[in-house]
Number of protein chains: 4
Amino acid sequence: MSGGADITVLATGGTIDKIYTLTGELEIGPPAAQRLLDVLSTDLRIEVRSVVAKDSLDLTDADRQVLADAVDGTESPSVVITHGTDTLTDTAEHLSRHASAAANKVIVLTGALQPAAMAVSDAALNLGAALLASQTLRPGVYVCMSGRAVPAGQVRKDPSTGRFVRRPPITAP
Amino acid sequence: MSGGADITVLATGGTIDKIYTLTGELEIGPPAAQRLLDVLSTDLRIEVRSVVAKDSLDLTDADRQVLADAVDGTESPSVVITHGTDTLTDTAEHLSRHASAAANKVIVLTGALQPAAMAVSDAALNLGAALLASQTLRPGVYVCMSGRAVPAGQVRKDPSTGRFVRRPPITAP
Amino acid sequence: MSGGADITVLATGGTIDKIYTLTGELEIGPPAAQRLLDVLSTDLRIEVRSVVAKDSLDLTDADRQVLADAVDGTESPSVVITHGTDTLTDTAEHLSRHASAAANKVIVLTGALQPAAMAVSDAALNLGAALLASQTLRPGVYVCMSGRAVPAGQVRKDPSTGRFVRRPPITAP
Amino acid sequence: MSGGADITVLATGGTIDKIYTLTGELEIGPPAAQRLLDVLSTDLRIEVRSVVAKDSLDLTDADRQVLADAVDGTESPSVVITHGTDTLTDTAEHLSRHASAAANKVIVLTGALQPAAMAVSDAALNLGAALLASQTLRPGVYVCMSGRAVPAGQVRKDPSTGRFVRRPPITAP
């Protein structure tokens with residue numbers, strides 16, 4: 001893996017990347033992960049790349065396939081994906097079905113309830129957690145929000161609190 | 001573990017907790033971890049507690065023993081310790097020798113190169129990483145700085161960069 | 001003026017007061033001026049009060065009259081108004097015509113291009129400037145943006161830059 | 001004054017400019033005023049320049065003379081000086097006696113109780129106030145702290161609160 005990254009961060013937009021424009025609207029800015037990681041003094045090679053820049057409610061299955069291909073195309077064993085929170089668990093499930101890399105990479109999706117550009121935001125805490133999860137978990141796809149990492153399919157967002165909670169397994173009747 | 005915390009955070013002072021006083025000096029304030037974790041919407045039960053409040057260069061072996069006892073006294077399986085960076089690896093090694101809890105708890109030490117009270121700091125990213133490490137690693141004592149978690153004894157701080165780097169294992173002659 | 005405030009700050013909403021909600025939208029939060037002023041150690045008696053909480057494009061003449069009445073009802077000689085930037089100069093002109101207090105109070109309108117809740121915002125700088133202007137200028141209505149205070153009617157917002165610039169006086173033909 | 005600045009900001013160090021170093025100490029960084037003013041969209045020409053970079057307790061009369069000469073050498077009618085708070089009023093009095101420019105320029109000293117690099121600081125509010133004061137007051141030397149501008153010699157810092165309060169005039173016996 002000479003020359004490659006240890007961890008690849010793929011940005012897809014979402015709340016974490018939102019900035020406030022001159023016309024008083026929110027738009028997706030450049031990947032916040034880059035600025036958040038700039039505070040870190042490390043010899044880990046971390047590469048941040050933008051794959052798509054959308055509100056997660058606007059992501060299509062085509063976008064998710066572009067993302068799955070991007071994941072499959074990375075050389076690093078650890079992949080962190082920053083993503084809007086509304087459909088973050090959907091994309092995680094999509095990747096666990098469609099990214100063949102899920103068999104041998106650790107793929108961790110994270111995001112934020114408050115934009116990283118706000119003075120008070122959960123973005124840095126979540127990104128730090130995802131970074132660690134991507135190095136310590138077994139291959140597969142995980143959602144890393146609310147302070148923990150949960151395998152894709154076993155977690156949902158509670159829209160009334162923004163909290164990501166474990167979902168009871170669906171058992172056959 | 002009914003009623004107990006899932007994760008206990010023990011604060012010991014250090015750069016992460018430094019605040020600026022009216023007289024123009026730095027002093028150890030209340031545990032920064034509490035405020036950093038307040039941004040998190042989670043159903044994890046995280047308890048933050050101050051054990052000692054010192055610059056890590058001033059920590060004595062007696063202080064380290066107080067900390068080891070505090071770790072042994074926690075009920076939660078995951079313990080995060082916030083600590084000054086100068087002797088963080090020393091305390092990690094001390095705990096791996098003297099905290100009997102190291103056999104069945106995950107104990108993760110972290111800190112920051114810039115106080116959490118600064119506008120730009122690595123504190124939130126490091127704490128998020130430590131939080132995750134304390135839930136995903138096997139029992140033992142770890143240093144979680146510079147974006148990764150390394151077992152106690154295998155890492156040192158490079159004072160010229162503030163970076164925590166893996167230390168080559170010491171082999172017998 | 002026993003018991004009264006030295007300076008009254010009236011909040012009307014606008015960008016300066018915007019916060020990000022759980023559902024991913026911006027809404028007008030509590031007056032940002034209060035939190036911005038909390039950093040100040042002063043024996044000035046400053047009272048912050050919300051009059052209306054709207055995007056300034058949604059302010060009606062009825063709202064402006066409510067504001068004019070609120071200004072007339074204050075006892076302090078200095079009044080600072082925080083306001084959305086899009087119609088800030090319109091409200092200033094309205095007040096100079098309709099607030100009878102404009103004859104004996106210094107009334108200063110200010111706001112921000114970035115919400116005060118963002119990590120990087122012009123809100124504190126603008127509010128500090130408005131606070132000073134309200135104590136040093138002669139009675140009348142002023143717009144305090146872009147680092148200076150200009151009498152109502154002599155300034156407009158350049159929408160392409162967000163900058164407030166002096167407007168050439170309209171001369172009779 | 002073609003080509004010149006409208007306002008000159010002279011930095012002298014002090015709390016406002018303090019940054020935290022890798023070795024855990026505070027030192028005077030580059031003038032914080034520059035970064036604080038970068039948020040402002042304005043056509044005012046504001047020039048920021050470092051004259052001396054010291055804790056204000058360490059400023060000597062020689063330093064104050066260098067500053068007085070720098071003030072006299074500026075072409076702009078408005079001069080803002082950022083300064084440590086401990087001897088800010090002393091320097092103001094020195095300038096009112098020794099800077100000949102005090103006769104035809106508005107010279108405003110300001111600073112901060114918390115470094116501008118902290119997440120919560122009075123630096124931006126104070127600088128905004130000083131900026132406005134430098135454009136609206138009559139020629140002379142002023143201290144702009146605690147939300148107001150007071151002529152040199154009529155104000156002192158209360159060390160127990162950090163607050164700048166009016167000083168009763170000294171009357172002859």
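This one's a predicted model, so the numbers in the text were calculated from it and none came from an experiment. Within every chain, numbering begins at 1; the chains are lettered A, B, ... in the order of the sequence lines, protein sequences first and strands thereafter.
Between chain A and the residues B/Gly128, B/Ala119, B/Ala112, the largest count of heavy-atom pairs under 4.5 Å involves B/Gly128. Contact count versus chain A (heavy atoms, under 4.5 Å) is highest, among B/Ala149, B/Cys144, B/Ala124, for B/Ala124. When each of B/Asp122, B/Ile7, B/Leu37, B/Ile46 is scored by its heavy-atom pairs under 4.5 Å with chain A, the top score falls to B/Asp122. Of the listed residues B/Ser121, B/Ala133, B/Ser146, B/Gly162, the one with more heavy-atom pairs under 4.5 angstrom with chain A than any other is B/Ser146.
Heavy atoms closer than 4.5 Å to chain B are found in the side chain of A/Leu113, but not in its backbone. At a 4.5 Å heavy-atom cutoff, the contact between B/Leu137 and chain A is made by side-chain atoms alone. Residue A/Asp38: no heavy atom, backbone or side chain, is found under 4.5 Å from chain B.
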Going through the checks in order, is the side-chain contact (heavy atoms from CB on, under 4.5 Å) test met by A/Leu40 and B/Asn126?
CA-CA 9 Å; A/Leu40 207 61; B/Asn126 292 347; 3.5 Å; yes
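Using modelled atom types, one side-chain atom of B/Gln135 and one backbone atom of A/Gly147 make a donor-acceptor pair closer than 3.5 Å.
A distance of 11.0 Å separates OG in A/Ser41 from CD in B/Gln114, rounded to the nearest 0.5 Å.
In summary, of the residues considered (B/Asp6, B/Thr136, B/Asp43, B/Thr42), a side-chain hydrogen bond (donor to acceptor under 3.5 Å, both in side chains) with A/Arg148 occurs for B/Asp43 alone.
Nearest heavy-atom pair, B/Leu125 versus A/Leu36, reported as atom, atom and distance to 0.1 Å: CD2-O, 4.1 Å.
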